[in-house]
Amino acid sequence: VTLNLSGGTASGTNATISGTGINTVKLTSGGAANTLTTLTLPAPVSTLNIEAATNFSVTTITGPTGTAATLNLSGAASTVSLGTLSATMFSTVNASTISGALTVGIARADITLTAGSGNDVIKTTRGPSDGALNGGAGSDRLILGASNVLTPTSSTFFSNFETVQINSTFTADMENLTGVSAVWVNGGASGTTGFTNLSADQAANVRVIASTGNTVSIGVLNATSPTSTSDVVKMRIEDMDTSTVGLLTMAGINVAGVEKLEINAVDNLTLTSLTGGGSALNNIVLSGSGEFKITTGAMPANNVNINGASATGKITIDASLSNQGMVLIGGSGADTLGGSKVSDVLTGGAGTNIFKFAATNTATASTVKFDTITDWRAGTNTIDYTAVTLVAATGANAQITLAAGGVATFDLSLSSLSQRLTAVLAFANTNGAGTSTIWQQGSDAYIFMSNVATTTVGDVLVKLTGVTVGASGLAFSGGDITGIG
């Protein structure tokens with residue numbers, strides 16, 4: 001029996017072949033792309049031959065159960081999509097001669113499938129049992145839908161797949177799967193999705209295509225060994241929709257034992273924790289045109305460097321929960337950098353940037369406990385002290401005189417940073433919350449922002465590298481510092 005589809009059969013069309021004694025069915029697709037919702041085959045059919053000269057898609061193929069039927073694909077179609085094949089029907093799928101891309105789901109454990117030379121996508125939810133899935137030539141992707149699919153003998157059953165993708169909440173052990181050069185994560189709203197025992201090459205080619213709140217876990221082979229000190233994970237944030245900029249949200253990224261994490265955001269990324277990196281992680285590189293919104297959490301490692309110099313999208317970093325000092329570097333976008341509870345070094349980069357400070361940023365300011373802004377530019381940068389509204393400190397005493405804009409001059413006996421900070425602290429305790437003072441210390445400027453009058457807890461001290469304090473001092477707008485004259 002032959003079923004000819006021609007001229008663009010549309011989705012929603014069902015085809016039923018009925019009769020007795022029909023062992024072989026041939027389906028042809030020609031004229032234009034053809035789509036079926038359901039194709040129903042008769043018993044006792046044993047062979048289905050699909051000859052696709054044009055693109056062909058079917059959502060469901062139904063027919064006799066408990067069989068070991070064969071499905072043969074041929075033709076010059078660019079794409080052939082077969083939905084998910086029944087677990088009780090086809091035991092053999094032969095698509096070795098097609099050059100187009102085959103997309104098919106596999107529910108049968110003992111199936112033997114051989115794909116052709118196209119860029120195929122094969123999804124399976126069953127662990128292998130006497131069968132084999134062969135991606136053929138091309139760049140082929142194996143999608144794992146269940147945790148039991150990969151086994152210690154998986155390399156026997158899966159071959160010629162260049163990419164492995166996870167579609168559920170589990171982690172897949174990649175140590176026994178050969179020939180794979182890239183891994184993809186399709187995460188959900190919760191739980192943990194990812195891979196373990198990745199090679200260095202695989203870890204350098206991680207793509208997250210979806211996440212609405214889960215944790216992505218990337219384990220590199222031997223990364224936690226004390227002798228392994230230069231492990232790198234390179235992660236691309238890019239969903240499957242190339243027409244618009246999407247948003248991926250992650251609860252965290254776990255990269256135990258890895259020293260460097262590179263994230264290239266093609267789409268936007270919101271990340272609510274970086275604590276899963278472990279104490280080894282000290283270098284995080286951000287790039288791409290997507291927007292980053294990162295809350296670090298309480299980082300376990302000290303002097304973590306988050307470098308977004310190569311990023312063109314907006315970067316927002318909130319490290320206010322971290323007890324470890326950090327180096328934060330923005331890119332060419334309008335970035336917002338907020339440091340930790342101890343000393344940080346902040347570089348805004350090009351663009352209009354906000355340096356954000358909380359009352360907990362340096363806890364109690366001192367000559368060894370202050371933040372540094374390396375590239376302050378008046379008119380394009382803002383200092384936002386979220387605890388209070390900032391104003392210029394005023395007044396004088398025997399040790400310090402405050403002019404317009406909070407510019408401080410000191411008694412000649414006070415020349416060191418320690419001496420001058422002591423004088424500023426004493427004066428601030430009588431000057432009121434939010435009062436701000438600036439002074440020249442060598443080639444750098446220092447800004448002191450008072451949190452609460454009569455106490456030094458929560459005060460913030462910021463060093464502005466290479467900035468010269470002019471007569472007009474600090475300029476304010478909306479309670480923030482926006483300029484230095």
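Along the sequence shown, the residues carry numbers beginning at 1.
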Can you tell me how far apart [atom1] ([X]) and [atom2] ([Y]) are? Round to the nearest 0.5 Å.
X    : Y    : atom1 : atom2 : answer
N381 : L337 : CG    : CG    : 9.5 Å
R207 : I237 : CZ    : CD1   : 10.0 Å
K356 : D335 : NZ    : CG    : 13.0 Å
F476 : T389 : CZ    : OG1   : 11.0 Å
N94  : T97  : CG    : OG1   : 6.5 Å
D140 : N134 : CG    : CG    : 8.5 Å

Shortest non-hydrogen contact from [X] toward [Y]:
X    : Y    : result
S6   : G31  : OG-CA, 4.2 Å
G131 : T112 : CA-OG1, 4.0 Å
N34  : G7   : OD1-N, 4.0 Å
P300 : S279 : CG-N, 4.0 Å
Q324 : V342 : C-CG2, 3.5 Å
A15  : L36  : CB-CD1, 4.1 Å

Taking [Y]'s backbone N and O only, do any of them form a donor-acceptor pair with [X]'s side chain (distance below 3.5 Å, no angle check)?
X    : Y    : result
T171 : F195 : no
N160 : G135 : no
T37  : G12  : yes
R141 : E162 : no
T13  : A10  : yes
S273 : T275 : yes
S322 : A298 : no
N14  : T38  : yes
E259 : D231 : yes
S287 : S310 : no

Report yes if some heavy atom in the side chain of [X] is under 4.5 Å from a heavy atom in the side chain of [Y]; otherwise report no.
X    : Y    : value
N49  : T24  : yes
T465 : T372 : yes
L133 : I111 : yes
I317 : M326 : no
R236 : V266 : yes
F357 : D371 : yes
F355 : T336 : no
I61  : L85  : yes

Partner of [X] by side-chain contact (heavy atoms from CB on, under 4.5 Å), out of [options]:
X    : options                : result
I294 : L269, I284, L274       : L274
V180 : V164, L198, L142, T163 : V164
L82  : V58, I106, T60         : V58

We want to know whether [X] and [Y] form a side-chain donor-acceptor pair, criterion being a heavy-atom distance below 3.5 angstrom.
X    : Y    : result
T482 : D480 : no
T295 : T272 : no
T193 : N214 : yes
T54  : S29  : yes
D318 : S320 : yes
S11  : T35  : no
S86  : T88  : yes
N222 : S225 : no

Where do N167 and Q165 land on the side chain to side chain donor-acceptor pair (under 3.5 Å) test, with the steps shown first?
-> CA-CA 7 Å; N167 265 18; Q165 174 183 322; 2.6 Å; yes

Residues T215, N254; criterion side chain to side chain contact (heavy atoms under 4.5 Å, CB included); working and verdict = CA-CA 7 Å; T215 296; N254 294 341; 3.5 Å; yes

Just grab all the side-chain hydrogen bond (donor to acceptor under 3.5 Å, both in side chains) pairs involving residues 114-124, residues at least two apart or on different chains.
-> none

I383 and W376: side chain to side chain contact (heavy atoms under 4.5 Å, CB included), yes or no, with the steps?
-> CA-CA 10 Å; I383 292 176; W376 171 266; 3.5 Å; yes

Could I get the full list of side chain to side chain donor-acceptor pair (under 3.5 Å) partners for N282, not counting sequence neighbours?
-> none

Derivation and outcome, side chain to side chain contact (heavy atoms under 4.5 Å, CB included), residues T296 and I306 = CA-CA 10 Å; T296 66; I306 302 181; 4.1 Å; yes

N307: side chain to side chain contact (heavy atoms under 4.5 Å, CB included) partners, not counting sequence neighbours = N305, A309, I329

Would you sort out whether V25 and L48 count as a side chain to side chain contact (heavy atoms under 4.5 Å, CB included), showing the intermediate values?
-> CA-CA 5 Å; V25 171; L48 171 63; 3.9 Å; yes

